[in-house]
Number of protein chains: 2
Amino acid sequence: MEKQTITIYDVAREAAVSMATVSRVVNGNPNVKPATRKKVLEVIERLDYRPNAVARGLASKKTTTVGVIIPDVSNAYFASLARGIDDVATMYKYNIILANSDGNDVKEVNVLNTLLAKQVDGIIFMGHHLTEQIRGEFSRSKTPVVLAGSIDPDNQVGSVNIDYEAATKDATNQLIKSGNKKVAFISGSLLDPINGIQRLKGYKEALKDNNIDFNEGLVFEAEYNYKAGLALHDRVVNSGATAAVVADDELAVGLLNSLTDNGVKVPEEFEIITSNNSLFSDIARPSVTSISQPLYDIGAVSMRLLTKLMNKEDIDEKDIVLPYGLIQKQSTK
Amino acid sequence: MEKQTITIYDVAREAAVSMATVSRVVNGNPNVKPATRKKVLEVIERLDYRPNAVARGLASKKTTTVGVIIPDVSNAYFASLARGIDDVATMYKYNIILANSDGNDVKEVNVLNTLLAKQVDGIIFMGHHLTEQIRGEFSRSKTPVVLAGSIDPDNQVGSVNIDYEAATKDATNQLIKSGNKKVAFISGSLLDPINGIQRLKGYKEALKDNNIDFNEGLVFEAEYNYKAGLALHDRVVNSGATAAVVADDELAVGLLNSLTDNGVKVPEEFEIITSNNSLFSDIARPSVTSISQPLYDIGAVSMRLLTKLMNKEDIDEKDIVLPYGLIQKQSTK
DNA sequence: CTGTTAGCGCTTTCAT
DNA sequence: ATGAAAGCGCTAACAG
């Protein structure tokens with residue numbers, strides 16, 4: 001028995017109308033007499049007809065699917081964004097093709113190309129560092145792009161973020177105010193403009209406002225994971241720091257656990273403020289004071305912005321900055 | 001300026017060959033004289049030609065994309081599976097359309113239908129409970145399906161899992177051996193066959209082997225999240241249990257923290273074994289002893305199995321059971 | 001309100 | 001080894 005697909009043609013024949021009419025009722029075009037619509041609908045039901053989205057895509061040049069380039073779905077931070085993206089996508093009848101890049105330049109370019117080949121209607125990009133090549137592809141292609149939780153120093157495409165600079169400044173300030181002279185700045189690669197430009201800038205501003213000299217030895221780069229946090233212990237302790245602003249929760253909790261496991265009292269002897277307010281920061285004991293970013297919303301708003309772009313609507317502002325907070329928990333005094 | 005897409009036709013004209021030939025070189029068909037191939041390749045390069053995957057999909061009836069139905073990507077358990085799936089998919093030149101269902105019957109059916117409409121070549125389904133309707137759709141459609149970390153009591157489609165029954169039995173046994181007479185069984189909905197059938201069975205077997213009567217009052221159903229774990233505290237304490245096997249890490253850590261925050265010593269006064277060995281179980285203090293499931297591998301193997309199914313290869317076994325472990329940490333004696 | 005007619009860009013026999 | 005031509009299933013003018 002063959003995989004006999006029934007097409008719009010079959011429906012048209014059975015309903016004794018033209019393909020165009022069937023197409024109209026399928027697409028909810030109002031220009032169809034109720035009686036005809038009903039008749040067609042019945043045949044569709046009876047034949048169990050399902051429009052072929054690929055054919056539709058070829059004919060209409062719209063696939064109702066968007067590409068999402070993500071460093072790693074299994075990272076809680078990005079997974080939250082992804083969830084926000086998918087929910088809004090679903091709301092607007094889009095599907096998402098999810099592709100992991102590991103923040104790797106080559107993979108990013110590859111995946112971008114296959115996404116473009118698949119004629120996605122738009123792209124949401126999450127990544128630490130926009131390479132020239134990627135930016136070139138973005139501007140060359142006519143496909144709308146939105147950066148979620150990522151910065152393009154050149155502002156060519158839309159983006160949704162929080163004000164990392166101000167948030168880091170606030171956090172650093174709090175740590176200084178509570179008496180810490182040496183506050184460590186712990187982030188991911190400084191090549192990522194979020195770290196190297198925005199966060200670092202906020203950190204330095206806080207120091208300056210409090211007349212503290214910037215000390216290179218208090219700046220640490222690490223990968224965003226628990227083990228990296230554990231591994232940081234000795235270096236941080238040796239730096240003489242008595243507090244730290246950390247750019248990632250896993251990293252922060254790793255540092256925290258290595259500290260407490262070694263008998264250091266947190267927050268009495270060492271204070272920590274982290275950045276994502278994820279479950280990790282709640283689960284840890286002591287729980288970790290954190291900047292709160294509306295992760296789900298960053299994803300959701302990105303997708304909403306993308307729908308506008310795909311729809312060629314007028315955008316009042318293509319770079320959206322969402323509000324952040326500072327949630328006090330047990331790792332600060 | 002228009003979005004002037006260059007097509008296979010343009011390439012054919014410029015290279016002075018037929019579309020068929022261009023198609024052949026693009027698809028790596030060996031029946032092309034090296035000289036012609038070279039010539040065509042140069043034109044492709046020069047024109048920056050990119051084959052349109054949608055057109056290709058319509059003509060060949062293959063989209064090289066698979067649908068992935070997932071309860072929630074922002075759940076660490078499922079996110080790990082998803083990562084394994086995507087990596088193997090990429091390896092075999094597939095992309096994944098990721099769709100969140102929240103384990104909701106209606107959403108599952110909807111999303112399945114749009115996936116089928118989009119002509120995905122295969123589907124990977126993760127969900128707690130296969131409804132009749134979904135199973136009906138599965139068997140009616142000719143599209144290959146694989147269940148990842150989910151059970152179909154009827155075994156109609158392929159699946160990849162661990163032996164939940166044996167794993168739960170092992171965990172329960174350890175708890176009993178170390179002196180606990182009352183071991184709580186804490187899982188998600190018992191409607192999910194993994195919980196209601198497999199895990200519960202393993203739990204009961206362990207009791208039986210140790211001549212302990214099954215006590216309904218020690219069985220708890222809860223949602224798989226941290227708050228649900230916190231909320232469970234009173235009921236578990238009142239049940240008289242001195243240990244628990246928990247089906248989810250967030251749940252387990254929630255219970256753990258509510259216990260320790262209330263002054264109960266773990267593991268001295270209460271022992272806990274959880275099920276996913278995720279980062280949560282490492283971060284908690286005390287860290288939580290856990291069954292270890294090869295999450296990434298479950299995803300990866302599922303996708304590998306699906307490629308075979310899509311390729312109509314012979315399958316030795318369409319239900320794959322992967323090995324599990326039991327990782328001793330600080331929450332058990 | 002409904003039908004006709006071209007394609008959309010590519011794969012795939014079938015010839016040659 | 002290469003070309004010609006017929007679709008794949010649907011949308012979108014354009015008529016009427």
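Because the structure is a prediction, the values reported are computed rather than measured. Order of the sequence lines sets the chain letters (A, B, ...), proteins ahead of strands, with each chain counted from 1.
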Subject >> Residues B/Lys39 and B/Glu42 bridged, charged N to O under 4.0 Å >> reply: no
**OP:** Please report how far the helix from C/dC1-D/dG16 to C/dT16-D/dA1 bends, comparing the axis fitted to its first five pairs with the axis fitted to its last five, to the nearest 10 degrees.
**Re:** 30°
**OP:** Using the test salt bridge (charged side-chain N to carboxylate O under 4.0 Å, His left out), find all partners of B/Asp102 that sit at least two apart in sequence or belong to another chain.
**Re:** A/Arg83, B/Lys107
For nucleotides 13-15 of chain D, tabulate all protein N/O to nucleotide N/O atom pairs closer than 3.5 Å, reporting atom names and distance.
none

Subject >> Residues which pass salt bridge (charged side-chain N to carboxylate O under 4.0 Å, His left out) with B/Asp152, listed by chain and number, not counting sequence neighbours >> reply: B/Arg135
Less than 3.5 Å apart, which donor and acceptor atoms pair up between the side chains of residues 123-131 of chain B and the rest of the protein, not counting sequence neighbours?
residue: B/Thr131; atom: OG1; partner: B/Ile134; partner atom: N; Å: 3.3

Original post:
Who pairs with B/Asp10 by salt bridge (charged side-chain N to carboxylate O under 4.0 Å, His left out), at least two apart in sequence or on another chain?
Top reply: B/Arg13
Subject >> chain A footprint on DNA chain C, 5' to 3' - any atom under 4.0 Å from a heavy atom >> reply: C/dC1 to C/dG9
Subject >> Integer-rounded Å distance: D/dG16 P and A/Asn31 CG >> reply: 18 Å
Considering only nitrogen or oxygen atoms on both sides, find all protein atoms under 3.5 Å from nucleotides 6-10 of chain D and state each distance.
residue: D/dC8; atom: O3'; partner: B/Lys61; partner atom: NZ; Å: 3.1
residue: D/dC8; atom: O2; partner: B/Ala59; partner atom: N; Å: 3.3
residue: D/dG9; atom: OP1; partner: A/Thr5; partner atom: OG1; Å: 3.2
residue: D/dG9; atom: OP1; partner: B/Lys61; partner atom: NZ; Å: 3.1
residue: D/dG9; atom: N2; partner: A/Ala55; partner atom: O; Å: 3.3
residue: D/dC10; atom: OP1; partner: A/Tyr49; partner atom: OH; Å: 2.5
residue: D/dC10; atom: OP1; partner: A/Asn52; partner atom: N; Å: 3.1
residue: D/dC10; atom: OP2; partner: A/Ile8; partner atom: N; Å: 2.3

Original post:
Listed by chain and number, what are the side chain to side chain contact (heavy atoms under 4.5 Å, CB included) partners of A/Thr114, not counting sequence neighbours?
Top reply: B/Asn95
**OP:** Kindly indicate, with the supporting measurements, whether the criterion side-chain hydrogen bond (donor to acceptor under 3.5 Å, both in side chains) is fulfilled by B/Thr307 and B/Asn311.
**Re:** CA-CA 6 Å; B/Thr307 64; B/Asn311 222 21; over 6 Å; no
Original post:
Say you draw a straight line from CD1 of B/Ile162 to CG of B/Asp297; how long is it, rounded to the nearest 0.5 Å?
Top reply: 12.0 Å
Subject >> Pairing residues for A/Ala20 by the side chain to side chain contact (heavy atoms under 4.5 Å, CB included) criterion, not counting sequence neighbours >> reply: A/Ser18, A/Arg24
Original post:
Among pairs that include at least one residue of residues 305-317 of chain B, which meet salt bridge (charged side-chain N to carboxylate O under 4.0 Å, His left out), considering only residues two or more places apart or in two chains?
Top reply: none
Original post:
Can you name the salt bridge (charged side-chain N to carboxylate O under 4.0 Å, His left out) partners of A/Lys62, sequence neighbours left out?
Top reply: none
Original post:
From A/Ser80 OG over to A/Asn75 CG, what is the distance, rounded to the nearest 0.5 angstrom?
Top reply: 9.0 Å
